[in-house]
Structure formats: structure tokens, C-alpha cells
Amino acid sequence: MSPLTSPQGALAALARSFAQWLAGWGRTVQLAALLSALALSPSSYRADSRRALARHLYLGTAQALPWFTLLSLLIAIVVIRIVLVTSHSYGLSQYALEMVVRVLVLELIPLAAAMVAALRCTIPMAAEVAALRSGGGWDALAAQGRDPLRAEVLPRAVAGSFCTLMLAAVSSVVALVVAYLSVYGFTSAGFTAYTHTVGRVFSPAVSLIFVLKIVLLGLTVALMPIASVLDAVPRRRANTSAELQGLVRMLVLMVIIEAASLVGNYA
């Protein structure tokens, strides 16, 4: 039996793989924390930085917001209709609106907004950062006395987080409006009952969890892909690319955030 196929060799290889996995997570979290600190620093928003930030905010959000809002509108109409018809057939019409708000606004829309922001905004921006590093632009900025993290990475990270927040906010409002029109029609007679139901769902604890969930999802999709491509460890022996590893880490954190929100809302 060779050393590699022996139990001791297999355990040693597994231990090395686990240590490398932990080290990769540690470097990614460290870079994400550094970007978060830069985002909270007033010195990061000088005149030239503000122009770059405004450009990335517009490009990151304007590409996804119109069609995602339309898609959210269509999905909201379908889901709300299904819930209303099903609840009416079982004699549970009084719970239909609350169920719609909980399932659609609290759970589905934030996750969908985060995934769309990742696919349309943050992952392409992470690829741009990787191309900048491999093409020598990173060293060129450093030679000019400019911090590449502040000049190129921070605007993209802030734009990705903003894209998630904007998509979730606009789509939630659209879903609430569609829910009202589906139940009460084009009349203000049901506004009091509707606001009472929505207010009962969005209790102070649920509202806090909802806001924290969207913020954490926005930070996750904005920071994880970029932090992964900024990992300075050579990847010649890695089985997966930096972009794929960033996507996996992002999905893992999104699942953890969603699970924590479900526990906080319904436990």
C-alpha cells in the first residue's frame, strides 16, 4: 500500500485540503473586511472617487433594474393569483394576503435581487478587477501613487451592494402594490385593512431581520466575488478558478443568511 493510499496519507491529504480551505476563507474574509473599512472611511470619497463611484452605481443598477422590476411584476402576479385561488378553495382567504407578503416580499424577492445583482453586476465587475490585475493596470495605478483598492475595487463593491438594495426595495414595493390590487382592486376602500395586515407581518423584529437580511445579502454579493479574485495566493495548483470559488463562497453565505433569517422570523 502506497503512502498516498494508506489511511494516514488520506487523512493527511484531507487535513491539508481543509487547512487550505480555511486559509482561503480567511483571506477572503480579511479582504472583504478591508473593503468594508474603506467603504466606511470618508477619505475614500474624494472628488475623483465620487465620479468613479457614481459611474459604477449607474452602470451596475441601470442595466438590471428595469427588466428585473418587470420580471418581479410578472412573477408577483402569478404567485399572488396562485395563492389567492388556492387559499379560497380551502376556505383560508383571510390568510392569503399575509401569506403572499411573507413568501414573496420577505423571502423570495431579497434572494432573487441578490442573485440578479451578482450575475449582472458584481461577478462581471470581479472579472474586470481580475483583468486589471493580470493586465498590469494594478501595478500602473500603484506606480502613480494611487491605491488600486480605493480607485478601482471600492467603487465596484459599493455599486454591487447598492444594486442589491435597489432591486430588493423597488421589487418589494411593486409586489406590495400588486398584492393590494389583486385583493381589493382599484379602490381605496381596503387600504386600512391592507396596511393593518402588512403591519402585522412587518413587526419590529421582522422588519429588523428583513433589513439586516437585505444588507447582508448586498454585502455578500458585492464583496465575495471581488475578494476572491483579489486573493494573492498563486492558484496554479487549484482545481477551480478564483471566480468559481468566489461564487461558491457567495452562495454558501447566502444560504447561511437565509437560514438565519428563517430562524429569526419563525423559530
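All values below were derived from every heavy atom in this structure, side-chain atoms included, with hydrogens, water molecules and symmetry-related copies excluded.
Contacts classified as salt bridge (Lys or Arg N to Asp or Glu O under 4.0 Å) and involving residues 60-70 (residues at least two apart or in different chains) are not found. Among residues at least two apart or in separate chains, salt bridge (Lys or Arg N to Asp or Glu O under 4.0 Å) pairs with a member in residues 196-222 are E98-R200, E107-K213, K213-E258. The salt bridge (Lys or Arg N to Asp or Glu O under 4.0 Å) contacts involving residues 61-77 comprise nothing, where partners must be two or more places apart or lie in separate chains. Among pairs with a residue in residues 50-79, none fulfils salt bridge (Lys or Arg N to Asp or Glu O under 4.0 Å), at least two apart in sequence or across chains.
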Would you mind writing out the side-chain donor-acceptor pairs for residues 148-155 within the sub-3.5 Å range, not counting sequence neighbours?
unit_1, atom_1, unit_2, atom_2, d
R150, NH1, S43, OG, 3.3
R150, NH1, S44, OG, 2.5
E152, OE1, R156, NH1, 2.8

Would you give me the side-chain donor-acceptor pairs under 3.5 Å for residues 73-82, sequence neighbours excluded?
none

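The structure places OH of Y58 at 9.0 Å from CD of Q63, a figure rounded to the nearest 0.5 Å. For the atom pair OG1 (T195) and CG (L176), the distance works out to 11.5 Å, reported to the nearest 0.5 Å. Rounded to the nearest 0.5 angstrom, S72 OG and L108 CG are separated by 10.5 Å.
Looking at Y194, its side chain never comes within 3.5 Å of a backbone N or O of L97 through a donor-acceptor pair. Between the side chain of S89 and the main chain of T86, a donor-acceptor pair closer than 3.5 Å is present. Remark: side-chain polar atoms of T220 are paired, donor with acceptor, to backbone N or O of L216 under 3.5 angstrom. Side chain of T122 to main chain of G160: no donor-acceptor pair is present (N/O by atom type, distance under 3.5 Å, no hydrogens or angles).
The 12-atom threshold is not exceeded at OH of Y90, counting heavy atoms of other residues, nucleotides or ligands nearer than 6.0 Å.
Under a hydrophobic-cluster definition in which Ile, Leu, Val, Met, Phe, Trp and Tyr are linked whenever side-chain heavy atoms come within less than 4.5 Å, directly or via other members, L104 and V85 are assigned to different clusters. When the side chains of ILVMFWY residues are joined at heavy-atom separations under 4.5 Å, either directly or via intervening members, L53 and L59 end up in two distinct hydrophobic clusters. V206 is connected to Y266 through a chain of hydrophobic side-chain contacts under 4.5 Å among Ile, Leu, Val, Met, Phe, Trp and Tyr, so both are in one cluster. Hydrophobic clustering (ILVMFWY, side-chain heavy atoms < 4.5 Å, transitive): V211 and V263 are in distinct clusters. Side-chain heavy atoms closer than 4.5 Å link hydrophobic residues (I, L, V, M, F, W, Y) into clusters, and following such links, possibly through other members, connects L132 to L34.
Residue M125 belongs to no hydrophobic cluster, having no ILVMFWY side-chain heavy atom closer than 4.5 Å to its own. Hydrophobic cluster membership for I209: none, as no Ile, Leu, Val, Met, Phe, Trp or Tyr side chain comes under 4.5 Å of it.
Closest approach of L217 and P110 over heavy atoms only: CD1-O, 3.8 Å. Across every non-hydrogen atom of I109 and A168, the tightest pair is CG2-O, 3.9 Å. Across all non-hydrogen atoms, the minimal contact from L119 to I123 is CD2-CD1, 4.3 Å. When every heavy atom of I214 is checked against every heavy atom of T164, the shortest pair comes out as O-CG2, 4.5 Å. For the residue pair L167 and A117, the shortest heavy atom distance occurs at CD1-N, 4.1 Å. Heavy-atom minimum distance, V229 versus A126: CG2-O, 3.6 Å.
Every side chain to side chain contact (heavy atoms under 4.5 Å, CB included) that L208 has, sequence neighbours left out, goes to L212. In this view, F202 and F210 satisfy the ring-ring contact (aromatic ring centres under 6.0 Å, His included) rule, not counting sequence neighbours. With sequence neighbours excluded, no residue forms a side chain to side chain contact (heavy atoms under 4.5 Å, CB included) with V255. Residues satisfying the ring-ring contact (aromatic ring centres under 6.0 Å, His included) criterion with Y184, sequence neighbours excluded, are Y180.
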V170 vs L65, side chain to side chain contact (heavy atoms under 4.5 Å, CB included): CA-CA, chis, key distance, verdict: CA-CA 8 Å; V170 173; L65 184 59; 4.1 Å; yes

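When side chains are defined from C-beta on, L84 counts as touching V183, because their heavy atoms get closer than 4.5 Å. Contact of the F68 side chain with the S171 side chain is registered, since non-hydrogen atoms from C-beta on lie closer than 4.5 Å. Residues I226 and E128 have side chains not in contact (no heavy-atom distance under 4.5 Å, counting atoms from C-beta outward). The side-chain heavy atoms of S228 and R249, taken from C-beta on, include a pair separated by under 4.5 Å.
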